[in-house]
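Below: the structure, in structure tokens.
The shown structure was predicted, so the numbers you read here are calculated from the model rather than taken from an experiment.
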Amino acid sequence: MFQTYKRLVKLNLDDLFLYLGVEAGVFLLIQIIIGGVMYFARPGTSVTVSCLLLPIVGGFTALVAGIAHVGVSFEQALRFGQTRRRALGLILGLSAFQSAFALALAGLLAAIEHFLCVPLWTRLAGMNGWSLSGIPMPTPEPGGAVSIRASVLYVENFTLDWYWWLLIFVAAVVGGTIVGALIQRFGSKGGWIIWGICMTPMILGQLLPWEKYEITNWLFPMMAVIFVAGFLWSVWSLLHAVVRA
């Protein structure tokens with residue numbers, strides 16, 4: 001099983017360039033925009049957003065790839081003689097590996113922004129130092145002395161708490177499996193089912209007197225129930241999948 005999994009991962013290593021291209025492209029766009037603002041507008045403040053946006057971008061990319069894995073790799077595994085249970089385990093493992101890579105890449109790019117891009121923004125803005133979370137960073141003086149000048153770029157650090165990274169990982173793996181299973185079983189009609197599932201919380205929010213309660217008291221539990229039920233159904237559906245030759 002493990003050797004088969006390793007071969008499957010190697011066969012799909014090219015997919016990692018997709019994550020690299022998407023996340024690096026978003027990262028470069030962010031840096032170009034912020035760098036341009038720093039150089040031309042010379043503001044006294046800036047923001048770091050890679051640690052907020054890139055995990056979401058990477059998770060969404062992994063979700064789309066997971067859908068494709070169910071539709072392509074899962075059926076190929078069955079055609080090559082793998083059992084449904086074994087094929088499902090291989091696909092879940094592949095999706096987990098690629099989702100972890102996507103989030104690790106997001107973390108690496110966020111660290112690059114934090115440690116390399118912020119000092120570059122400081123220079124572009126004509127500042128002598130920078131401050132993260134209100135703590136001024138020392139700037140070297142000619143001759144080796146260190147001081148904190150009044151000309152400081154104040155940077156607001158937007159980030160996600162650790163549990164959001166875990167939730168994004170689970171959503172990418174499980175969500176890709178659910179959507180892929182719906183399309184595998186129902187074809188194009190699966191898209192309408194997905195649309196209906198996504199619209200259900202919005203419609204119920206308009207029809208039922210939810211305003212008496214905080215949104216976290218009903219929306220998040222409802223989404224969790226739908227998510228778990230959808231995953232259990234997708235496992236059952238793929239274990240009973242019919243694959244045309």
Side-chain angles (χ1 to χ4, degrees), residues 12-66 95-173 175-176 215-216 219-220:
N12 290 273
L13 283 179
D14 289 348
D15 293 348
L16 302 185
F17 290 104
L18 170 65
Y19 298 100
L20 182 62
V22 172
E23 294 184 49
V26 173
F27 176 79
L28 288 175
L29 179 61
I30 292 171
Q31 302 315 313
I32 290 172
I33 293 174
I34 295 179
V37 171
M38 293 296 104
Y39 183 77
F40 292 105
R42 301 294 177 93
T45 60
S46 185
V47 293
T48 59
V49 295
S50 291
C51 201
L52 175 66
L53 294 180
L54 293 183
I56 298 174
V57 172
F60 182 78
T61 307
L63 185 146
V64 174
S95 296
F97 169 77
Q98 294 192 352
S99 298
F101 174 83
L103 292 178
L105 179 60
L108 175 62
L109 293 174
I112 291 174
E113 180 183 67
H114 187 91
F115 292 106
L116 298 181
C117 295
V118 171
L120 177 60
W121 300 344
T122 303
R123 292 181 177 275
L124 291 175
M127 302 291 184
N128 297 308
W130 68 93
S131 171
L132 294 170
S133 302
I135 303 175
M137 303 296 293
T139 303
E141 294 282 352
V146 177
S147 67
I148 298 175
R149 300 182 180 180
S151 183
V152 174
L153 178 68
Y154 292 93
V155 181
E156 184 72 21
N157 189 26
F158 288 94
T159 185
L160 292 175
D161 292 326
W162 66 269
Y163 56 85
W164 282 108
W165 292 70
L166 180 59
L167 288 174
I168 290 172
F169 173 81
V170 173
V173 176
I215 189 171
T216 54
L219 179 59
F220 294 155

Next item on the list: Decide yes or no on side-chain contact (heavy atoms from CB on, under 4.5 Å) for Phe158 and Glu156, but give the supporting numbers first.
Entry: CA-CA 6 Å; Phe158 288 94; Glu156 184 72 21; 3.6 Å; yes
Next item on the list: Nearest 0.5 Å please: distance from the OG1 atom of Thr122 over to the CG atom of Leu153.
Entry: 4.5 Å
Check: Taking the six-membered ring of Tyr39, is the NZ or CZ of Arg42 close enough (under 6.0 Å from the centre) and on axis enough (within 45°)?
Finding: yes
Check: Between Ile168 and Pro55, which heavy-atom pair has the shortest distance, and what is it?
Finding: CG2-O, 3.6 Å
Checklist line | Considering all heavy atoms, the nearest Thr159-Cys51 contact | finding: OG1-SG, 2.9 Å
Next item on the list: Supply the atom-to-atom distance Leu20 CG to Thr61 OG1, rounded to the nearest 0.5 angstrom.
Entry: 11.5 Å
Item checked: Member of Asn12, Leu16, Asp15 meeting the side-chain contact (heavy atoms from CB on, under 4.5 Å) criterion with Phe97 -> Leu16
Under 3.5 Å, sequence neighbours excluded: what are the donor-acceptor pairs made by side chains of residues 23-34?
residue: Glu23; atom: OE1; partner: Ala106; partner atom: N; Å: 3.2
residue: Gln31; atom: OE1; partner: Trp121; partner atom: NE1; Å: 3.4
residue: Gln31; atom: NE2; partner: Glu113; partner atom: OE2; Å: 2.9

Notebook entry, point to check: For Trp130 and Val118, which heavy atoms make the closest approach, and how far apart are they?
Noted result: CD1-CG1, 3.5 Å
Notebook entry, point to check: Where is the tightest heavy-atom contact between Ala172 and Ser99, given as atom of each residue plus distance?
Noted result: CB-OG, 3.6 Å
Checklist line | Gap between atom CE of Met38 and atom CG of Leu120 - 0.5 Å precision | finding: 10.5 Å
Check: What's the shortest heavy-atom distance between Leu54 and Leu109, and which atoms?
Finding: CD1-CB, 3.5 Å
Notebook entry, point to check: Could you walk me through whether Phe60 and Ile56 pass the side-chain contact (heavy atoms from CB on, under 4.5 Å) check?
Noted result: CA-CA 6 Å; Phe60 182 78; Ile56 298 174; 5.6 Å; no
Item checked: Partners meeting side chain to side chain contact (heavy atoms under 4.5 Å, CB included) with Ala65 (sequence neighbours left out) -> Tyr19, His69, Gln98
Next item on the list: Go through the steps to decide whether Leu52 and Leu160 satisfy the test side-chain contact (heavy atoms from CB on, under 4.5 Å), and finish with yes or no.
Entry: CA-CA 6 Å; Leu52 175 66; Leu160 292 175; 3.4 Å; yes
Next item on the list: List the atom of Ser50, the atom of Ala110, and the distance in Å for their closest heavy-atom pair.
Entry: CB-CA, 4.0 Å
